[in-house]
Structure formats: structure tokens, C-alpha cells
Amino acid sequence: MNNVVNLGVEELIQDQMIPEFKEVYDLTPDNVLLSQEHYESEVRSYPRRFPIAIGHAKGVLVQDTKGQTFLDCLAGAGALPLGYNHPEINQEIIAKLNSGVPYQTLDITTPTKDAFIKEVMDFLPSEFAKEACIQFCGPSGADAVEAAIKLAKLYTGRNTIASFHGAYHGMTNGSLALTGNLNAKERRTGLMSDVHFFPFPYSLRCKFGLGGEAGDKASIRYIESVLHDQESGIVKPAAIILEPIQGEGGVIPASVTWLKELRRITEELGILLIFDEIQCGVGRSGRNFAFEYAGVEPDVVIMSKAIGGGLPLSCLVFKKKFDRWNAGEHTGTFRGNQLAMATGTKALQIIKRDNLVENALNMGQRLTEKLNELQAEQACIAEVRGKGLMIGIEIVKPGEVNALGEPLANPELAARIQRAALERGLIIEKGGRHGAVLRFLPPLIINEEQIDYAAWAFAEAVKVCAE
């Protein structure tokens, strides 16, 4: 572990490793929150679930404007791999600013950009990187998804894209069309056409009523049969896009066998396989990239969030043979964010130097073990799942089932648990079907003491709310 992670902390946070919890936190909105509520659009989201105003942050801790300290297991939805205000990341920003490096340069060449490209290629599997090139997109992951879609269509000459139930790929026109969540779509019209959805392997809610290995086999057989069926109604896709571990869909990892079979099918049929590693990539899964668990080679990898080391950046890496772009055919003013490239380079160096991928694996196993113990005591926890530091806990109504005979989701209880956890100094996210999956996405630097605090605070929240 990096021994400088918690140095240089703001005086208000001092040398704390965990919140000094003494009593349930006061979540009454203060003047800053009330001001935001007055001025900001109704589209705001997180302040409704986390009624706190952050004053300071360091490492895995944030402190609100009331002086209450929280352990943050959200980390900017996974965009802060090294937590808040990592001293080396801060120093990198200061050094770049002092050196006269421009803030952004479109796609003009700079030494900062060259260093970032080489670091990314070194972080990827060597055989894939050997034949790959990189494309910089706008600062959001959704723009990189849009670029990947366009690239696949350009290369194949086909227009159909296949995605999966439970997928999340963004909120732009094309990326939202590929997203499974209907709440985000129900008031939208005119989304990208020719998108089809296949069943993602999800044991607890298997589309085939099987689960486990049998469910995986049924899913693959269904996909393969549809793609070979001349009467399926689905034209052969240009690409199949997926998250190796679904994030917003409820932290659902695809099995090694299923990913291998999907790779086989796409290769046999000449369909590009696009891995969206925006949330599960850059060490979070306990591997550099989540697809590496299966030992398969993608055609396109989409990166954002953590790849910028905490600053906005997104890019594609794909095999050179697919590079059919004309110059300027997909552009973006801020695709040359020099500070993000500098912090992204430094973050990848620190992740490798401090063995943070291994730390993510070990700390994830530690947290999972404690959550499994809690599950044995609490009937409202249907499943604990995930890889590395990407963990989901599905909350249900014990003994109740839906029309399909599956455990009945309990979004109201999940929301109460999230709130109770916040009152005990723990920030966690919600997601999944009906918003009934509680999610842990802490920074990769989290240590044993902090993991134990997170497990304790979550257990207390579950016990209080379940009772």
C-alpha cells in the first residue's frame, strides 16, 4: 500500500483513517443545500440521496460543511481511483500548471499526451496493445460510446447494434438507446434506431428461470440462435456492446465461460465486440480490466472515469484494422484535456507502483466476506456479488416473490438502508432493478481499517432498518 495516501490532510480532517462516529449524523439540509435547491434544476440527482454539502475531502474521507466526516464508497461513481486530493496527483496538476502546459489542445500533439498514450498501452494486455491504436473523445464516457458505435458501423457497413438487459452506457442519444433502464427512456423519443437487447446472465433473475451455469448456457444459446436465424427479425449487428461487470444495472459480473462463448460467436460471425470498461476498468475489478478475467481479446475497449485520474477524460482503444475514420469524422473540443492526461498518467503509474489492483482484489474479498456473514443473518439480503471493489447487495422482501417467482425487490428498504448508512458516516450508491441494489465503489487505496468501518456501518444500517 502507498504510505503517503493519508498525508497532507486538511486540518479539519487531520489524520483520520475512518469517521469518528459517536452518534447518528444530522442530515438536516444546511444553507448551502437550501441554496442549491433554490437555484439548481430539478434534474439534480445525488443531493436528493446525499443531503450533504462537501467542504473538504482527502483520501477516502469527505467532510461536510457541518464538520461531519464520511467514508466515501462512491468515489465519484468510480471516477476517483486514488480518492480525493491524492498528494502526488495534486502535485502533478501544480507542476503542469507551473510549467506552462496549456489546459487543452484539441488533438494537437504534446509530450503530455504522448506519455499518457504509452502509459495506457502499457496498462492493457500486451498482445492487444501491440495491434491497437487510441482515439480521444469528449470528456464524458458517453461520447466514447458514441464514437465506438460509429466506428463499428463504419467498419462493417451495418447499422444494427446489440446491447443487453440491465446495460448502462450513458445518456446521449446513441448511448441511451443502448441502455436498459426504461425510466431514463420513457419520456424520450427519437433515440438511435436498430438497437436490440439480449439477456445478460443474472442468476438471481435469470430470463430462462435457470440461473448459474445453466442460465449462462441458455443465454449464449439464445444469442447464438437469434444471430443465426434468418427469421429472427434482427439483422446481423455491426457490434455487440457490454459491460463485463454491469454497474448501474446492479453489479452483475458476466462469467468467464459466458464471455468466452460470446467472443467465439462474435468472431465467427464478424461482429465487433465492444467492452465498456468505463466503470469496471482501471483496476476496480481486481484486474487491470475486467475482461481479463476471461482471457479474451476485445475489438474495442471504452475507457473514462478512472482513466483520467480524477479529471474528465475518455478514450477508445481498438485494433488498428478497424480504424476506418476519415480525419475529423468524430471530434470534440475538449478531447485534448492536458491536465487530465497528466493526472491519468500519474494515476496509472501509482496504481502499478503501489499494487492497487491487488489491493482492490484483497479489500474486495475482505468486504465480501463480511457482507456474506451479514447476509446469513439478514433475510432481506438476497445476494452479495461483484469482483474487486465493485460490490452489490440486492435487497428483497423476505419470503415474497414476483409474478415470475423471483425474490421481490424492496427498493423502499434499500433507500432506508442507504440513508441509515449515511447517518453512520458511510456513503454508498443504489442501482439495479427497481433501485434495490446497494453498491460499493470505494477508491482503490482503501485499507483494512476503512473496509472494516464500511462493513460495520452498513451492517448497523441494515439491522436498524430491517427491524
Side-chain angles (χ1 to χ4, degrees), residues 2 4-10 54-60 62 72 74-124 133-147 170 172 277-279 281-284 288 301-317 330-354 356 441 443-445:
N2 181 9
V4 299
V5 165
N6 291 289
L7 299 182
V9 182
E10 289 283 350
I54 297 176
H56 301 279
K58 188 68 179 181
V60 186
V62 299
D72 186 0
L74 173 59
L80 297 164
L82 305 180
Y84 295 91
N85 287 305
H86 189 288
E88 292 178 81
I89 294 294
N90 285 0
Q91 188 55 46
E92 187 69 18
I93 295 171
I94 293 167
K96 287 297 179 186
L97 290 174
N98 289 338
S99 72
V101 166
Y103 299 155
Q104 64 91 13
T105 60
L106 302 172
D107 64 353
I108 297 170
T109 304
T110 69
T112 301
K113 180 179 181 178
D114 186 59
F116 175 77
I117 291 171
K118 290 173 180 173
E119 203 64 51
V120 170
M121 292 301 181
D122 186 61
F123 202 73
L124 285 158
C133 59
I134 192 168
Q135 175 182 351
F136 290 93
C137 304
S140 77
D143 186 62
V145 171
E146 297 282 353
T172 52
E277 291 261 358
I278 290 171
Q279 188 169 100
V282 193
R284 176 152 300 282
N288 285 10
V301 180
I302 305 172
M303 305 177 216
S304 187
K305 292 190 186 293
I307 199 66
L311 296 185
L313 186 67
S314 78
C315 58
L316 305 179
V317 178
H330 188 91
T331 64
T333 301
F334 294 105
R335 67 193 186 280
N337 185 338
Q338 296 298 290
L339 291 181
M341 291 177 189
T343 55
T345 300
K346 178 59 70 173
L348 291 176
Q349 291 170 349
I350 293 169
I351 288 170
K352 287 188 289 186
R353 182 196 73 198
D354 295 345
L356 293 181
L441 291 165
L444 308 186
I445 60 170

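Residue numbers run from 1 in the order of the sequence given.
- Judged purely by atom type and a 3.5 angstrom limit, S314 has no side-chain atom pairing as donor or acceptor with the backbone of P139.
- Contact record, A144 with C315: CB-O, 4.2 Å, taken as the closest heavy-atom pair.
- Closest approach of A147 to C137, counting heavy atoms only: CB-SG, 3.8 Å.
- The existence of a salt bridge linking K118 and D114 is confirmed by a sub-4.0 Å separation between a basic side-chain nitrogen and an acidic carboxylate oxygen.
- The side-chain heavy atoms of L106 and T333, taken from C-beta on, include a pair separated by under 4.5 Å.
- Across all non-hydrogen atoms, the minimal contact from T112 to A342 is CG2-N, 3.8 Å.
- Between the K58 side chain and the N85 main chain, a donor and an acceptor come within less than 3.5 Å of each other.
- The heavy-atom pair separating I93 from T343 by the smallest distance is CG1-CG2, 3.5 Å.
- Remark: the backbone N or O of G281 is not paired with any side-chain donor or acceptor of K305 at under 3.5 angstrom.
- To the nearest 0.5 angstrom, M303 atom CE is 9.5 Å from F136 atom CZ.
- Separation of atoms CD (E119) and CG (L348) is listed at 5.5 Å; rounding is to 0.5 Å.
- Atoms CZ and CD, on R284 and E277 in that order, are 12.0 Å from each other to the nearest 0.5 Å.
- Among all heavy-atom pairs drawn from V62 and A57, the shortest one is CG1-CB, 3.7 Å.
- For the atom pair CG of L80 and CG of L74, the computed distance is 8.5 Å after rounding to the nearest 0.5 Å.
- The shortest distance between side-chain heavy atoms of V145 and T172 does not fall below 4.5 Å.
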Test log, rule side chain to side chain donor-acceptor pair (under 3.5 Å), inputs T105 and Q338
CA-CA 7 Å; T105 60; Q338 296 298 290; 3.1 Å; yes

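- Contact between A306 and G78 at its shortest, heavy atoms only, is CB-O, 3.7 Å.
- We find the CD-CE distance between Q104 and M341 to be 10.0 Å, quoted to the nearest 0.5 Å.
- Looking at heavy atoms from C-beta onward, Q349 lies in side-chain contact with K346 at the 4.5 angstrom threshold.
- With salt bridges taken as basic N to acidic carboxylate O contacts below 4.0 Å, none links R335 and D143.
- A side chain to side chain contact (heavy atoms under 4.5 Å, CB included) with V282 is found for one member of L356, I351, L444 and no other, namely I351.
- Within the model, atoms CG of D122 and NZ of K352 stand 3.5 Å from one another, a figure rounded to the nearest 0.5 Å.
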